[in-house]
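Inspection log for the structure reproduced underneath, given as C-alpha cells.
Numbers for residues simply follow the sequence, beginning at 1.
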Amino acid sequence: MTTFVDRVELHVAAGNGGHGCASVHREKFKPLGGPDGGNGGEGGSVTLVVDSQVTTLLEYHHSPKRKATNGKPGAGGHRTGAEGQGLVLAVPDGTVVMDRKGNVLADLVGHGTTFVAAQGGRGGLGNSALASARRKAPGFALLGEPGEARDIVMELKSVADVALVGYPSAGKSSLISVLSAAKPKIADYPFTTLVPNLGVVTAGSTVYTIADVPGLIPGASQGKGLGLEFLRHVERCEVLVHVLDCATLEPGRDPLTDLETIEAELAQYGGLEDRPRLVALNKIDVPDGQDIADLTRASLEERGYRVFEVSAIAHKGLRELSFALAEIVSEARAAKPVQENTRIVIRPTAVDDAGFTIEEVDGAYHIRGTKPERWVRQTDFANDEAVGYLADRLARLGIEQELWKVGAKEGDTVVIGPEENAVVFDWEPTMAAGAEMLGRRGEDHRFETQRPAVDRRREKQRGRDSAEQEYLDFEALSSDREQLEQ
C-alpha cells in the first residue's frame, strides 16, 4: 500500500454566507415596531497550514474533496446567524500550491505558515442593517455570498540542505543511515528506496538535513523509473552529492559513466546548474572497489570535483565528507539575505480608481469590479425593492455616469460579472436614486409591470376622482349663478 504521496490534486470549497433576514418587530400595542432582521453568518474558509509533524500528502490522496461549512441565516429580533466552521488542512513543510494551469499560488515553507486556499462567503445583511433615514422599513434583505471553490495542485518538495543522487543500489540509503539517525530500507536489489528519506547530520557546530533521493536512471527526466517523481525533491537543496558505485557488476557501467548520465538528467530537468557538487566514491571496502576509486579519482578532480572515498559499511571517509558538506551549507546560509519580519503594507485605493471597468463587446457593455459583482450576487431578484436597492448602489458607485460617457443608450445590454456567471440587464437610466422613488414595500416603480387588479383599482379611483371633481365644479357654478340672480 502507498504510504508516501508527494503530489495531489485537491478540490476545496469554502462555505456559503448565510442569507440576511427581512423581519418586522411586532408585539402588543406595537404592530409595526420597525425592522429587526439579523445578518447572516459568514461561511467557513479552507486554510492550509504547515505542520512539521506531517511528512506526506497521503491523506489528501485518499480524500481529495474538502469543504467548509456554510454560515447560518439571520433571524428576527436582531439575531445574527452563526458563522460557518473553517477547515484547517495540515500540509508538510515545503509544499507548493498551484492551480491546474501550473501557476504557483503559494510556497509554504516554515512551521505555521498559512495560506487561505478558499475564502468563505460573506453573510447577507438583514433589513435592520439596511434601514436608513430615507428607507425606514426595508422589505428585503441581502443574500449570502457563495463561498470560493477551486481545484488546486499540491506538490511536496523536501526542505533539505544536501541531496544524495545516484544510480539505484549505489549505496545512498546506507550512507544516510550512517551519517544520521535515519533508518531507511536497505537491500541488495535496485529501487529499494521508493520514497525520499530525510536525516539530520551534526558536524561540529553545524546541523543540516540530508535527503536520499530514489535512484535515477537514464531517461528519468522524461519519466522513466522513479526519477521524474522525485527530482523535485532536490530543488531546495544547497549542495548535491554524487554517490558513485565503485563495485557495480553491471556491464557498461563505471563511476565516470554514471556521473555523466546523472548530470545529463539533472541538466534536462533544469534549475540545478548553480548548485555545488561533491563526489562520494562509495563501497571502497569491496574487493577491487579501492582500485577503481584510485583510478577514477584523478579524472574527477581534473573536472573540478571534490572527491571523497567512503564506505558506509566500514565507516571510512564519513567524517571528512560530513564536515565538507557542513562547510558548504554554512557558506550558503551566510550568503542568504537575512529574512525580516513581514511588514504590513497599506495601499489605499487610488483617487482615480472607480472600482470597476466598463468594456463594450459586441454591442453589450461588460462591467467588472469587486463591488458590483458582489452586490449582484447578494441581490434577491424576486424582490423588486431589492432590485431597486441594487440600482441605487450602482448609481452611487458611478456606473450610470460612466455608461453615459462611453455612449450607452437606453435599452442597451449591460452585463455584470464573469461570462460564465453573469447577470444581464436592459439598461434603463435613472440618474435620480433613493427611497423617494419607492412605492409600497416590495415594489419599485422602476420595475413596473402592474398587476391587472392594481390597474383596475387605480382606474376606478381615477374615475371616482373625476366624477367628484365634476360635481364640485357643478356646485360652484350653481352657487355663482344664484348670487348673480340675487
Query raised in the report: Checking salt bridge (Lys or Arg N to Asp or Glu O under 4.0 Å) for the pair Lys157/Asp107: CA distance, chi angles, key distance, verdict?
Result: CA-CA 10 Å; Lys157 297 180 180 179; Asp107 192 353; over 6 Å; no
Query raised in the report: Which residue, Gln119, Arg377, Arg122, forms the side-chain hydrogen bond (donor to acceptor under 3.5 Å, both in side chains) with Glu145?
Result: Arg377
Query - Value rounded to 0.5 Å, distance of CG in Asn16 from NZ in Lys67 - result: 5.5 Å
Query raised in the report: OH of Tyr365 to CD1 of Ile416: how many Å apart, nearest 0.5 Å?
Result: 14.5 Å
Query raised in the report: Given Glu9 and Arg100, is the salt bridge (Lys or Arg N to Asp or Glu O under 4.0 Å) satisfied, shown in steps?
Result: CA-CA 8 Å; Glu9 292 189 12; Arg100 302 193 70 174; 3.7 Å; yes
Could you check whether any side-chain heavy atom of [X] comes within less than 4.5 Å of a side-chain heavy atom of [Y], counting everything from C-beta outward?
X	Y	value
Leu390	Phe425	yes
Val54	Glu59	no
Val162	Leu278	no
Val91	Val50	yes
Thr379	Leu143	no

Query raised in the report: Checking salt bridge (Lys or Arg N to Asp or Glu O under 4.0 Å) for the pair Asp392/Arg135: CA distance, chi angles, key distance, verdict?
Result: CA-CA 12 Å; Asp392 294 344; Arg135 181 182 276 106; 3.2 Å; yes
Query raised in the report: Stepwise, does the side chain to side chain contact (heavy atoms under 4.5 Å, CB included) test hold for Asp380 with His19?
Result: CA-CA 10 Å; Asp380 180 9; His19 299 328; over 6 Å; no
Please check if any side-chain donor atom of [X] sits under 3.5 Å from a side-chain acceptor atom of [Y], or the reverse.
X	Y	result
His242	Glu263	yes
Ser52	Asp93	no
Asp151	His11	yes

